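Structure, as structure tokens:
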Amino acid sequence: MARILITSALPYINGIKHLGNLAGSMLPADVYARFQRMRGHEVLYICATDEHGTPAELAAAAAGQDVRAYCDEQHVLQKEIGERFALSWDYFGRTSSPENAKLTQHFAEVLEANGLIAEIVEKQIYSKADTRFLPDRYVEGTCPNCGFEKARGDQCDNCGKLLEPTDLIEPYSTISGSRDLEVRDTRHLQLKQSQMEPRLRQWVDEATSWPQLARSIAYKWLDEGLRDRTITRDLSWGVKVTKDGGPREGFEDKVFYVWFDAPIGYIAATAEWAKATGNDWERWWRTDKGAGDVSYVQFMGKDNVAFHTVSFPATILGSEEPWKLVDRLKAFNWLNWYGGKFSTSSKRGVFMDSALELLPSDYWRWYLTSNAPEGSDTQFTWESFQGVINSDLANVLGNFVNRITKYCAAKFEGQVPAAGTPGEAEAWIASELSERLKALTAHYEAMEYRKAAAETRAIWAAGNEYLTKAEPWVKYKSDVDAAAVGVRTGLNLAALFAIIAQPIIPDTAGKVLGALGVPDDRRSWPDWQDKTLLDALPQGHAITPPEVLFAKIEDASVEEWKERFGGE
RNA sequence: GGCGGGAUAGCUCAGCUGGUUAGAGCGCAGGACUCAUAAUCCUGAGGUCGAGAGUUCAAGUCUCUCUCCCGCUACCA
């Protein structure tokens, strides 16, 4: 039994996430976690809300709330909506936890002791009206290059020129609109990433199992030369900066930068889990304390790759402590929405809460997995969604379960028939299954989601093909025992189809397995070499046809949703 | 500008280290069946694999050039 640690990129706290966020990290991580649990491995799937940073403060202000209260509320909302999507986190923590503060401070102090952190003085824009320093992008003004009037302090959106806030003509705060700004000196901590480059490069050199995309992004950063990053900010909301365990002089009004403490949140959330459940978190994260045999897998969108392959490892490696580093990494492209992006800030697209108002989570889980944005960016369209759901779930799987269970109830009193001897059709489906189960398992191990879903569907479709070959309804007229073989095999196929569907559509799979009376300890991942798969249900065992599993999506619904969500 | 990813049947996409008639799903057409959510099963129509050149006995599959999309470019997560 292997031990597998799984994390998905931490969803930011400012509101319910959209389907793009779900498809690109949390859902694939969940599918993988479920698959590996079914294989009998010891899995720990950790996620958390990422709560620090200016956007959180602004969102709280916009909601008229204290930032802590806002985060408390949003954390619960995200946790609940994730659970309603059947995300099987072992723990869903928060980066604002005491555990994360402690660990973040620990890393900073260790890095400083190792000579990798220096204090520097920077000049930054201070807004008197807002009584705070402004991050570059919260200062706008006229671009000195092209004259565009709404250039941001980091870059001009019109001409693309990279800017410093002090370059702007007539700058103002985007928070209050105030022009009462001044440049002030401010002390900060800087992480000497440039000193880490050889070690990071060596580490990436050894990470030969990463996807090409991940390695090329990592090398790009390394080749350009790692910049020393300022890891503190002039904010009040975040992890306090300490020295020797106490407040650090001159840093009383500063916190760590969100990108420094967020990935540490993976570890901290595991510590939260340990505290809540009485487990030991260090055996998952410290190679000197039992984590040596852990395989650590990270899931994220492509925008996050550099932080996971370079920035966070710099923190870990720089500590010189035996922390677990990522072993496998799966990155996703974007799920787009009618030509543009899903956008939290401009409310474009479908969000997790409204998705569930339309249809149960399995519908979304299936679509987003079978059309995962793996190779390139992918478009979400209602027409495609409708087609996939109706064909794959309603027609191929749902109808199969319905036809075989109804027929069994009608002709065999709802009991798994015992009579008859397997023949040609059964030999065909058996060989088909062993071949396809082998392929399916390999696709999951390789984290190839589209292929895994396509193979799952192909197995379901083979069930329908089997029934055409076996045609128990024809044989029933002349030879009831021959029909019995077909029904028994068909029922076992239904059970098997539900078992292999569990990683992607756990709720529906559970319904089918419940209706067929398959006990929990008979629901684990099938071995493709197992010869008893088609006779696993006890003969004579009573089954109940489940309710229709999937309702088809009508054209009228699509029209209504397009209207409601603006999908054109 | 730099870096990276795409461009394959009407649509969405597979095609690993180059090698028999380029594949799948959807859609479409015809047929079969009737247990089932008018579901299912079979068959078919054929795309100069973005353009051009090159390497090779042999190229979607390697090299070069070009065109068109898209993403990233570090204090926005």
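Here the structure is a predicted model, which means the values were calculated and not measured. Chain letters run A, B, ... following the sequence lines, proteins first and then strands; every chain starts at 1.
- In this structure, A:T230 reaches the bases: a heavy-atom distance under 4.0 Å links it to at least one base atom across the strands shown.
- The listed nucleotides are B:A14, B:U37, B:U40; the one nearest the side chain of A:T468 is B:U40.
- Side chain to side chain, A:S236 and A:K254 fail the donor-acceptor criterion of an N or O pair below 3.5 Å.
- Separation of the C1' atoms belonging to B:U48 and B:G27 is 24 Å when rounded to the nearest angstrom.
- Atom NZ of A:K79 has 12 or fewer neighbouring heavy atoms from other residues, nucleotides or ligands inside a 6.0 Å radius.
- Distance check on atom P: B:C49 versus B:A7 gives 14 Å, rounded to whole Å.
- Residue contacts shown for A:S384 are absent, as no nucleic acid heavy atom lies under 4.0 Å away.
- Nucleotides B:C68 and B:A29 have their C1' atoms positioned 34 Å apart, rounded to a whole Å.
- Stacking of A:W473 onto the six-membered ring of B:C35 is present: less than 5.5 angstrom between centres, less than 30° between planes.
- Residue A:W259 places its side chain closer to B:A77 than to any other of B:U34, B:A77, B:U40.
- Heavy atoms of A:G398 sit under 4.0 angstrom from at least one base atom.
- Nucleotide B:A22 is matched to nothing when pairs are restricted to Watson-Crick or G-U wobble geometry with both distances under 3.5 angstrom.
- Taking a pair to require two hydrogen-bonding distances under 3.5 Å in either a Watson-Crick or a G-U wobble arrangement, B:U67 pairs with B:A7.
- One C1' atom belongs to B:A22, the other to B:A14, and the distance between them is 11 Å to the nearest Å.
- A:V401 comes within contact range of no nucleotide atom at all, as no heavy-atom separation falls under 4.0 Å.
- Rounded to whole Å, the separation between the C1' atoms of B:C42 and B:C33 comes to 10 Å.
- As judged by a 4.0 angstrom heavy-atom cut-off over every strand, A:F307 is placed among residues making no nucleic acid contact.
- With C1' as the reference atom, B:C16 and B:G60 are 14 Å apart, rounded to whole Å.
- Note on A:R450: every side-chain N or O is 4.0 Å or more away from OP1 and OP2 of B:G15.
- Nucleic acid contact for A:K411: none, since no nucleic acid atom lies under 4.0 Å from a heavy atom of the residue.
- Using a 4.0 Å heavy-atom criterion, one finds that A:R229 contacts no nucleic acid atom at all.
- Side-chain proximity of A:L549 to the nucleotides B:U37, B:A74, B:A77 is greatest for B:U37.
- Looking at A:K562 and A:E383, a side-chain N of the basic residue comes within less than 4.0 Å of a carboxylate O on the acidic one, giving a salt bridge.
- Pairing for B:U43 is with B:A29, a Watson-Crick or G-U wobble pair whose two hydrogen-bonding atom distances lie under 3.5 Å.
- Using N1 to N3 plus N6-O4 or O6-N4 for Watson-Crick, or N1-O2 and O6-N3 for G-U wobble, each under 3.5 Å, B:U34 pairs with nothing.
- Side chain to side chain, A:Y449 and A:E374 fail the donor-acceptor criterion of an N or O pair below 3.5 Å.
- The A:N464 side chain lies nearest to B:C41 when the options are B:A36, B:G25, B:C41.
- A sub-4.0 Å separation between OP1 or OP2 of B:A39 and a side-chain N or O of A:K552 is present.
- Distances from the side chain of A:K451 to the nucleotides B:A14, B:U34, B:G25 place B:A14 closest.
- Rounded to an integer number of Å, the gap from A:F380 CZ to B:C13 P is 14 Å.
- In this entry the base of B:G5 is anti relative to its sugar, with a glycosidic angle more than 90° from 0.
- OP1 or OP2 of B:U37 sits under 4.0 Å from a side-chain N or O of A:K406.
- Under the 30°/60° scheme for interplanar angles, the aromatic rings of A:F299 and A:F332 are found to lie parallel.
- Under the 3.5 Å distance criterion, with hydrogens and angles disregarded, a donor-acceptor pair is assigned to the side chains of A:T49 and A:H75.
- A sub-4.0 Å separation between OP1 or OP2 of B:A77 and a side-chain N or O of A:Y257 is present.
- Taking atom CG on A:N14 and atom P on B:C76, their separation rounds to 14 Å, with Å as the unit.
- For A:N371, no side-chain nitrogen or oxygen approaches OP1 or OP2 of B:U12 to under 4.0 Å.
- Comparing B:C72, B:A39, B:A36 against the side chain of A:W334 picks out B:C72 as the nearest.
- Annotation for A:V401 and A:A494: closest pair CG2-CB, 4.4 Å, computed over non-hydrogen atoms.
- Of the candidate nucleotides B:C41, B:U40, B:A74, B:A74 has the atom nearest to the side chain of A:Q193.
- Atoms CG (A:D50) and C1' (B:C76) sit 12 Å apart, rounded to a whole Å.
- Searching all strands for a Watson-Crick or G-U wobble partner of B:C62 with both distances below 3.5 Å returns B:G54.
- Spacing of C1' atoms, B:G18 relative to B:U56, comes out at 9 Å, to the nearest Å.
- A gap of 42 Å separates the C1' atoms of B:U20 and B:A36, to the nearest Å.
- If you check every strand for non-hydrogen atoms under 4.0 Å, A:A461 touches sugar and phosphate atoms only.
- Pairing partner, B:C72: B:G2, with both Watson-Crick or wobble hydrogen-bond distances short of 3.5 Å.
- Taking every side-chain heavy atom of A:A394 into account, B:U37 is the closest of B:U37, B:A77, B:C13.
- The pair A:R436-A:E432 meets the salt-bridge criterion, since a charged nitrogen lies less than 4.0 angstrom from a carboxylate oxygen.
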